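Predicted, not measured: the structure shown is a model, and the values here were computed from it.
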Amino acid sequence: MKRIHLILVSLLFFHVPVGNAQTAAQKIQVSEFTVTGAEQAGDLKTVLKNLLSSRIASNDIIAVDSEVGVAAKITGSYASFGKTFSIDASVKNAAGETLGQRYVQGESPNDLIPAIGKLADQLRPLLPVKRPVIPAFAAAGSVPVTPESVEAAVRVAPVAQPVTQQTRIEGTLIGIAPGRALPGKEREFVVADARSVYLYRQTDTLKKVAEYPVTAAGKILAIDTADVDNDGIPEAYVTVVDREELVSLALEVNERGFTPIAEKLPFFLRAVALFGQKRVLIGQYAGRGADDFYGDVRKVVKKGTAYSLGEPVKLPHHADIFSFNYFFDTEGKRRTVYIDRDRMLHIADDADKELWKGADHAGGSETYFLRDEQQIQNISLDRYRWRFIEQRIEVLPDGIIIVPQNSGSLSVGNQRSFSKSSVTAYAWNGASLEERWHTMESPGYLADYCIDTERRELIMLEQPQKEGVFSKGASVIVTKKIRSEEQR
């Protein structure tokens, strides 16, 4: 960007009013950015500050230069890599405590102003500004999603401290699902790494009680639980790939651990609470050649120890079995929410018409399987295509949509290594998704999560330490109570 353009843009936004001086408004300091790798860095520091100041301001936020009397301080950095750039920003309160971090990226200088707008939208919910709130959870049907309830949306994280002390688990776990309902305070989780399924029970402490390894060549892609035979006890379903063949498992969960029900099932498997109701198990065959999946996604039918695919589940063209859900809008119309292969969040109607597309990345997973492309490309090129399994989307009984986000790391080729994560709840207002609440950003990769709607708890499987040459890595199950602002 030329110097004269920078100066003109800076002057333009310097004179834009940056706040509304109402008594309820909070002062937020926007500091000058640090700039790396860009020409005219001195001018760009001021331009970025003025751009963000004008876009962060609202009826309840005044962007100021001085730190006197401010509720929070925003600091940012800009890094350029050729034509592409990344902008990172951090929010701290008046006591110096970090409230969260966000980032945006762009492919060219033309993306700068839109990127700053996106960054402001991401930062605004982190600011300590008083807003009306609604409960994050409610019994089915008790809090309908209406325009009025959206207007009173929670914009801060209604998440309490962890319910229990966290227990470090050696190794990098990749999936978690709720186990059986147990009496009293005891609870059960089914978790998995790439090679084995584990049963954990938790009271005041977390204890591993059983392990079930898969075949030597098999790799676990996903773990789910669902009561497919309606006997009141959920079974465990493990999506396993052996080279390019699916050899998935169905396991009974009991006091001793796991007992096999069926092996070598040729399906991808996923349990999902469609419309926020009872979890159902769905399946899909693997594709061949350039296709990762084959045929319709269908509900799984269990007869004795035999499994088959039954009623089809309609999906938009760019959705897949792992990263979608349904919800009803305020008019009772079915909508589909999904994450595409580029990690963008979408809302579609039953005719596969896109109603809305997010501006920022969602989801983000490090779990993948390989597809052999020897027959469809030159053998001198990379023979295998990496296909990443995207994160699940949950819908609560009141229509709230739960979407995780991993971030904090640049992906190079097939290598992904995320270093921070959060979970956000949204509501559909008929035109777009609006944030209801979000967790505070966690310094680690979120491998998977599930929600206990009866206990109003969010259960996250995190990897605070990556596997390395001298370490097997570490995982932790974080259980947090979700509550309304009035209860905080």
Review point. Would you find a donor on one side and an acceptor on the other, under 3.5 Å apart, between the side chain of Asn429 and the backbone of Ala431?
Key: yes
Review point. Ignoring hydrogens and geometry, is there a side-chain-to-backbone donor-acceptor pair from Asp193 to Thr172 under 3.5 Å?
Key: no
Study note, to complete from the structure: Sorted by chain and number, sequence neighbours left out, side-chain hydrogen bond (donor to acceptor under 3.5 Å, both in side chains) with Arg335 holds for Asp329
Exercise for review: Determine, using ring centers only, whether Phe268 and Phe369 are less than 6.0 Å apart.
Suggested key: yes
Point to revise | Check: Phe275 ring centroid to Tyr326 ring centroid under 6.0 Å | key: yes
Exercise for review: Identify, with sequence neighbours excluded, every residue that meets side-chain hydrogen bond (donor to acceptor under 3.5 Å, both in side chains) alongside Tyr237.
Suggested key: Glu235, Tyr307
Practice item. Establish, for the pair Lys466 and Phe418, whether the NZ or CZ atom is under 6.0 angstrom from the six-membered ring centre and no further than 45 degrees off its axis. Key: no
Review point. Charged N to carboxylate O below 4.0 Å: is that the case for Asp320 and Arg387?
Key: yes
Check your understanding: With the threshold set at 4.0 Å, does a side-chain nitrogen-carboxylate oxygen contact exist between Lys481 and Glu457?
Key -> yes
Exercise for review: Check whether any side-chain N or O of Thr439 sits under 3.5 Å from a backbone N or O of Ser422 as a donor-acceptor pair, and report yes or no.
Suggested key: no
Practice item. Apply the test salt bridge (Lys or Arg N to Asp or Glu O under 4.0 Å) to residues Asp224 and Arg392: give CA-CA distance (whole Å), side-chain angles for both, the deciding distance (0.1 Å), then the verdict. Key: CA-CA 11 Å; Asp224 292 273; Arg392 69 178 79 236; 3.0 Å; yes
Review point. Is there a donor-acceptor contact under 3.5 Å from the side chain of Gln391 to the main chain of Gly364?
Key: yes
Check your understanding: Is there a side-chain contact between Arg279 and Thr225 (heavy atoms, below 4.5 Å)?
Key -> yes
**Study point:** Sequence-distant partners of Glu390, side-chain hydrogen bond (donor to acceptor under 3.5 Å, both in side chains), two or more places apart
**Key:** none
Check your understanding: Out of Ser442, Ser421, Ser475, which one pairs with Glu462 under the side chain to side chain donor-acceptor pair (under 3.5 Å) rule?
Key -> Ser442
Practice item. Before giving the answer on salt bridge (Lys or Arg N to Asp or Glu O under 4.0 Å), spell out for Asp340 and Arg343 the whole-Å C-alpha distance, their side-chain angles and the decisive distance to 0.1 Å. Key: CA-CA 5 Å; Asp340 67 18; Arg343 296 181 53 208; over 6 Å; no
Point to revise | Glu244/Arg371 salt bridge by N-O under 4.0 Å criterion | key: yes
Review point. Do Phe85 and Tyr78 make the cut of ring centroids closer than 6.0 angstrom?
Key: yes
Check your understanding: Of the non-hydrogen atoms in Met440 and Thr98, which two are nearest, and what is the gap between them?
Key -> CE-O, 4.2 Å
